[in-house]
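Computed over heavy atoms, backbone and side chain alike; hydrogens, waters and symmetry mates excluded. Because the structure is predicted, anything quoted here is derived from the model rather than measured. Position 1 is the first residue of the sequence, and the numbers go up from there.
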Amino acid sequence: MTGISRTSADLDPRRRRILFRAWHRGVREMDLVFGQFADNELADLPEADLDELETIMSEEDTDLLKWILGSQPAPERYRTPLFERLISYRPDFDVLFADKDKSVR
């Protein structure tokens, strides 16, 4: 759950770039959301969904995190079935970071 679990060998160049960007967002929480989504769904997404995913991924991680966590409503343009599927990959961040906090002590 904390890293890439699929190979990009069977993906076309566009999907490879998206997969890499999904796991290298710069904010670990967004890596987990986008990375898991990409691992599970990227290979089967139609071109229109790839366009939408790239548009979503171009947003600032701080804004995306607020929309995904529900602390701010997502803009109307992102209230789509694809965005809903994407945010369903939201892990329980409290559990993930509680384990990390214990190992630091």
Side-chain angles (χ1 to χ4, degrees):
M1 180 153 134
T2 58
I4 297 171
S5 63
R6 85 168 327 275
T7 178
S8 63
D10 61 334
L11 298 176
D12 61 71
R14 181 182 188 191
R15 284 178 170 79
R16 286 182 188 159
R17 282 190 304 276
I18 294 171
L19 180 64
F20 181 85
R21 285 180 53 215
W23 278 111
H24 297 88
R25 304 280 311 158
V27 174
R28 188 62 182 152
E29 293 87 346
M30 293 296 87
D31 291 350
L32 294 169
V33 172
F34 282 97
Q36 289 178 52
F37 177 83
D39 277 358
N40 292 316
E41 303 213 16
L42 191 61
D44 299 322
L45 288 179
E47 293 294 318
D49 284 351
L50 292 177
D51 293 342
E52 182 180 346
L53 180 59
E54 288 180 314
T55 299
I56 293 168
M57 290 176 69
S58 71
E59 294 287 344
E60 292 291 325
D61 282 330
T62 53
D63 293 330
L64 286 165
L65 188 58
K66 291 173 189 173
W67 303 334
I68 289 169
L69 295 176
S71 60
Q72 279 187 355
E76 187 65 37
R77 68 183 178 273
Y78 294 136
R79 295 182 193 162
T80 65
L82 179 72
F83 190 76
E84 291 301 317
R85 284 192 357 241
L86 174 67
I87 66 173
S88 74
Y89 283 87
R90 181 182 76 200
D92 184 348
F93 294 122
D94 292 334
V95 172
L96 289 172
F97 292 109
D99 290 339
K100 182 179 178 183
D101 290 340
K102 289 177 187 173
S103 65
V104 172
R105 293 181 189 167

With a 4.5 Å cut-off on side-chain heavy atoms, are [Y] and [X] touching?
X	Y	result
Leu50	Leu42	yes
Phe34	Ile18	no
Leu45	Glu52	no
Glu84	Ile87	yes
Met57	Met30	no

Over all atoms of both residues, closest heavy-atom pair of [X] and [Y]:
X	Y	result
Leu82	Leu53	CD2-N, 3.8 Å
Arg85	Asp49	NH1-OD2, 4.4 Å
Pro73	Arg79	CB-NH2, 3.6 Å
Tyr89	Val33	CB-O, 3.8 Å

Just verifying a value: how many Å separate [X] [atom1] and [Y] [atom2], rounded to the nearest 0.5 Å?
X	Y	atom1	atom2	answer
Arg28	Asp61	CZ	CG	12.5 Å
Gln36	Ser88	CD	OG	9.5 Å
Phe37	Ile56	CZ	CD1	7.5 Å
Phe20	Arg25	CZ	CZ	12.0 Å

So, are Asp51 and Arg14 salt-bridged, with charged N and O less than 4.0 Å apart?
yes
I'd like to know whether CD of Glu60 has more than 12 heavy-atom contacts from other residues, nucleotides or ligands below 6.0 angstrom.
no
Assign the ring pair Trp67 / Phe83 to parallel, tilted or perpendicular, where the plane angle (0 to 90°) is split at 30° and 60°.
perpendicular
Under 3.5 Å: donor-acceptor pair, side chain of Arg15, backbone of Ala38
no
